[in-house]
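Working notes, structure below.
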Amino acid sequence: MRIGFGKKAAFGVCSAVLCFGLSTPTFAAPLMENLNRGLVSANVGNGMLVSFRLLGTDAPTASFALYRDGIKIATIEKNAPTSYLDKDGKAESVYEIAPIIDGLEGKKEKQTLVFDEGYYDKGSKVTFPYKTLKVDVPKDLTMPDGTTCTYTANDMSTGDLDGDGELELILKWDPSNSHDNSQTGYTGNVYLDAYKLSGKKLWRIDLGVNIRAGAHYTQFQVYDYDGDGKAEVLVKTADGTIDGTGKVIGDKSKDYRSSGGTILEGHEYLTAFRGSDGAAISTVDYQPPRSIQKQSKGGAGNWGDNYGNRSERYIAATAYLDGVYPSAIFVRGYYTASYVVAYDFDGKDLKLRWLHKSDTPEQGAYGEGNHNITVGDINNDGYDEIVFGSSAIDHEGKLLYRTGFGHGDAAHLGDLDPDKPGLEFWDVHEEKNSKYADELRGPDGNVIWGTLQSGDGVDNGRGLAADIDSTRGYEMWSAAGAGIYNVSGKLISSTKPSINFRIYFDGDVYDELLDATGSGGSGGKIDKWNIQAQRIDRLFSFYNVNGSTLNNSTKANPCLVADILGDWREELIVRSSSDPSTITIFETPYTTEHRVYTLMHDHVYRLSIAWQNTAYNQPPHLGYYLPDRVKNLTQPEISVVGFVEEKPENPIQPFELKNVFDATSPDTASVGFIEKDHAGFIGENGYWNFANELGSFATYKLKSEKDTLVTLAVVYANGGTANRDMTVKANDKNYTIAFPPTGWDTWDTAYVEFEIAKGELDLTFESLTKDGGPNICGFAFNVEGISKAKKSTTAIHSSIAKISSFNPNLGLLTTSEAGFAKISIYDMRGNLVQRISTSVSIGENVLNLNQETLPSGIYMVNVSLNSKRIANSKMIVK
């Protein structure tokens, strides 16, 4: 059974009805990892750059306290970035971060990692921080033909394997004799290792002699599929695979390698391994088996060769097919026949969800795949689609579209054009007879624009989409194009940058570019597109550190690019060309002015990290347009595994609510007004908007059947940047209730506990800040026997119409000037007995007093508008 649901953290997520019990699961958003703060400090030469995650469960304006060696050194408030340059910090300094909740500091969390090493680049005059990890290099292996292979680090993925909130690294080792599917020859075993960020090795999985090594064979997925807070590792296995605890899968004695080193026979499995120790939990037959079609050439529905080139090509991904839980996607074949298979994992068993079959030429996804795969909710229907190459499969396993453009080497999915609905897909095509060499298409598969093939066509092997220019939307270019194009297909520069990887590395909201510096994908650099000069500038040549280099020959991809630590900037993880036991993690040296949620809580980006290791590795992209998001930061629409929000010990659950009181009906003079301008409130009447002044209040007459201890729950919205705390008065006793910021359209629940006496009571909310109170739409108690007291006859009642004077006996106000009006009512001794404040507009019905009768007598009424007195009159109440 899948488990572990927690709160949905999102902009406008929680309807106010559900906000009474925030611990109640919400089943309408993708389930994500419950990460820690990922606090890191990095030596940048002039101090330590400290950064941490803004989590998807945080309010956009969440505040934090930063400590160094036990002493508070900074408060990170409101819209400030979640990073801080501590000029007095040192590599040995110990940092802690604490959230500030309701004005009080929460539990401190210590730093995850220290980037204590730094490389000073003389050209840029910047110190680039890095961390060196030592990994366990597999021993050399001897093949049946007497040749020997050595090992180098290759692709990586990441996930929280042990549930501690920290991401671990999963590394695939590549033997020196790995081969493309089209080649013969023996290959060494493929190994998967798991490491803590400290460098501690957790386990090793040996895939055995019956899994061939090469870019197209082993695609591994790392994700928490069962919702228990700990990631699993899913990968194709075979007889002789040894799990992380030393247990063998299948028959260890079997060796299905041919004399040419290919593997076209034997059992094929898919195994789910436990992330914490690498133990095999569930193993099923791999679907579909290679025998599903004949291996011979010719004829509709055949693979197209008989030596395992097309039938042994695999890609893999993860997708939220039901909108909530992740499913594993494994694909076999894309040159000709293509089979897309979805699996669910419930913690014990792998279960087939569906199998899509395209085995007829020129139909379905036949021949339309890529050497890579992307996933996202491209059409905003709440479910993920799978886009690979020139076709797409919907969440039910049915063909969404087929373009007929054939397979390709590179692809990019994201909100490339923020002014068009859904996600766009930038694809390049290896097929020379394709209509396009490259093209941008929308969620429906229709081409927005593209580069038409000319002459005999080209094998277009490179293409990149990245937001490198300040013009709106992404830019894109390929090996076949004339230069850089914008999202409308307009050529904006004939200068063509590198075409391999992108990365968020400096402090702005635009992409940097990552590529090799030497031949065969060796070395490495990070470049920046100079918007003003329309040229490429070098930020950093990282081959100078630990002999760092990129992977997979001319494909030149890193082990991993991902936001695994600190704030939203991405870490770069690479291997060493000189020492196979060395892995280097590079951290940004740059400050930033932007506050951004951790990229790992954007579900399109998180899925990009899962599929990044697949075949011809492609860089990750966000599911939103970053330059827009930083201007209006909103919480990601996600659910979080095992998330527990801090609440009082006696929280109110929905099933415990006996009476929900409408807050729009105060029973005596109150300072505020009814409003419906913001969405999400409960009921039909709107909410009570307290006037923006110290002491604004609302009073409700209630009756209790007994003396009792109660917990009061108040549904509220606070769109300010600071708490709008209030005093709750009941039975002549005062209690404080905190109302932290939520956003005006996001409704939360605040709680306070107090005693009430039997009989009638006035429940009064009075603001403690100059900004007044929050908007409140309802409140409730966790006990029975509390009800509204009976009202007496109303003399002062609603109605401000189109009038031109103040009539105190009717409570009517008209003004020729819009603004903020305040009506103060005093008894003949000069005691203030009522105050009403409201915003007024010319000629509109702007105020609903809805108040209860004052005692009979004569009162003085003062009326001011925009702090200027406009009326002073007597009022007689009979």
Side-chain angles (χ1 to χ4, degrees), residues 35-101 105-120 126-133 164-167 196-199 503-509 539-540 562-573 584-601 630 633:
L35 300 174
N36 63 15
R37 293 286 168 197
L39 179 68
V40 296
S41 59
N43 176 13
V44 293
N46 62 336
M48 300 297 287
L49 182 60
V50 186
S51 72
F52 58 96
R53 295 183 180 110
L54 182 68
L55 298 169
T57 50
D58 294 323
T61 55
S63 298
F64 303 90
L66 179 63
Y67 288 81
R68 183 212 318 126
D69 299 326
I71 299 174
K72 185 177 179 179
I73 60 172
T75 299
I76 312 297
E77 292 186 347
K78 299 178 180 178
N79 298 319
T82 57
S83 61
Y84 179 82
L85 179 58
D86 180 17
K87 294 184 178 181
D88 297 323
K90 298 178 176 57
E92 57 269 23
S93 299
V94 177
Y95 293 90
E96 295 174 292
I97 194 75
I100 300 175
I101 305 169
E105 290 186 14
K107 184 179 180 181
K108 294 178 184 177
E109 183 178 309
K110 290 187 177 180
Q111 61 196 18
T112 298
L113 198 66
V114 180
F115 288 81
D116 48 1
E117 303 165 279
Y119 171 76
Y120 180 72
V126 173
T127 297
F128 291 88
Y130 65 93
K131 183 71 176 179
T132 301
L133 298 184
D164 64 354
E166 177 184 303
L167 293 169
K196 300 286 291 183
L197 292 174
S198 63
I503 184 173
Y504 290 125
F505 196 70
D506 68 5
D508 63 27
V509 293
L539 281 187
F540 180 36
D563 176 22
I564 64 168
L565 287 166
D567 67 11
W568 58 277
R569 271 82 61 81
E570 293 171 292
E571 283 66 45
L572 167 65
I573 308 178
T584 306
I585 308 176
F586 290 99
E587 180 74 352
T588 182
Y590 301 100
T591 58
T592 180
E593 63 183 27
H594 302 294
R595 170 178 280 214
V596 180
Y597 280 98
T598 175
L599 306 190
M600 296 296 271
H601 276 170
V630 295
L633 191 63

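For the single chain, residues carry numbers from 1 onward in sequence order.
- The heavy-atom pair separating Pro60 from Tyr597 by the smallest distance is N-OH, 3.1 Å.
- Residues Leu197 and Ile564 come closest through the heavy atom pair CD2-CD1, 4.1 Å.
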Could you go through Thr591 and Leu49, starting from their C-alpha distance and side-chain angles, then the distance that decides it, and tell me whether this counts as side chain to side chain contact (heavy atoms under 4.5 Å, CB included)?
CA-CA 8 Å; Thr591 58; Leu49 182 60; 4.1 Å; yes

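- Pairs of residues two or more places apart, or lying in two chains, that qualify as salt bridge (Lys or Arg N to Asp or Glu O under 4.0 Å) and include a residue from residues 36-47 are Arg37-Asp58.
- When atom types are taken as modelled, the side chain of Arg53 and the backbone of Leu35 share no donor-acceptor pair closer than 3.5 angstrom.
- The distance from the OG1 atom of Thr127 to the CD atom of Glu117 is 13.0 Å, given to the nearest 0.5 Å.
- A heavy-atom distance below 4.5 Å is not found between the side chains of Val509 and Val596.
- Between Leu66 atom CG and Ile73 atom CD1 the span is 4.0 Å, to the nearest 0.5 Å.
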Derivation and outcome, side chain to side chain contact (heavy atoms under 4.5 Å, CB included), residues Val50 and Leu39
CA-CA 7 Å; Val50 186; Leu39 179 68; 3.5 Å; yes

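- Within the 4.5 Å cutoff, the side chain of His594 has no heavy atoms near those of the Pro81 side chain.
- Not counting sequence neighbours, the partners of Asp567 by the side-chain contact (heavy atoms from CB on, under 4.5 Å) test are Ser51, Thr82, Ser83, Arg569, Thr592.
- Within the model, atoms CG of Leu85 and OG of Ser41 stand 12.0 Å from one another, a figure rounded to the nearest 0.5 Å.
- Side-chain contact between Met48 and Asn43 is present, with at least one heavy-atom pair separated by less than 4.5 Å.
- The line from CD of Glu570 to CG of Leu572 is 9.5 Å long, rounded to the nearest 0.5 Å.
- Listed for the Glu571 side chain is no donor-acceptor partner under 3.5 Å among the backbone atoms of Ile585.
- The shortest heavy-atom contact between Arg595 and Ala80 is NE-O, 2.6 Å.
- For Thr61, the side-chain contact (heavy atoms from CB on, under 4.5 Å) test picks out Asn79, Pro741, with sequence neighbours left out.
- Within the 4.5 Å cutoff, no side-chain heavy atoms of Thr598 are placed close to those of Leu54.
- By the 4.5 Å heavy-atom criterion applied to side chains, Lys196 and Leu113 are not counted as neighbours.
- Between Tyr504 and Trp568, the ring-plane angle classifies as perpendicular under the 30° and 60° cut-offs.
- Contacts of Phe64 classified as ring pair (Phe, Tyr, Trp, His ring centres under 6.0 Å), with partners at least two apart in sequence or in another chain: Phe52.
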Distance-only criterion, 3.5 Å: show the donor-acceptor pairs between side-chain atoms of residues 87-100 and protein atoms not counting sequence neighbours.
unit_1	atom_1	unit_2	atom_2	d
Ser93	OG	Lys90	N	2.9
Ser93	OG	Lys90	O	3.1
Tyr95	OH	Asp86	OD2	2.7

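- Shown are Tyr120, Phe128, Tyr130, Tyr590; of these, the ring-ring contact (aromatic ring centres under 6.0 Å, His included) with Phe540 is made only by Phe128.
- Thr588 places a side-chain N or O within 3.5 Å of a backbone atom of Phe505 that can act as its donor or acceptor partner.
- For Lys72, the salt bridge (Lys or Arg N to Asp or Glu O under 4.0 Å) partners are Glu105, not counting sequence neighbours.
- Summarising the geometry of Thr112 relative to Glu166, their closest heavy-atom pair is CG2-OE1, 3.3 Å, with the distance given to 0.1 Å.
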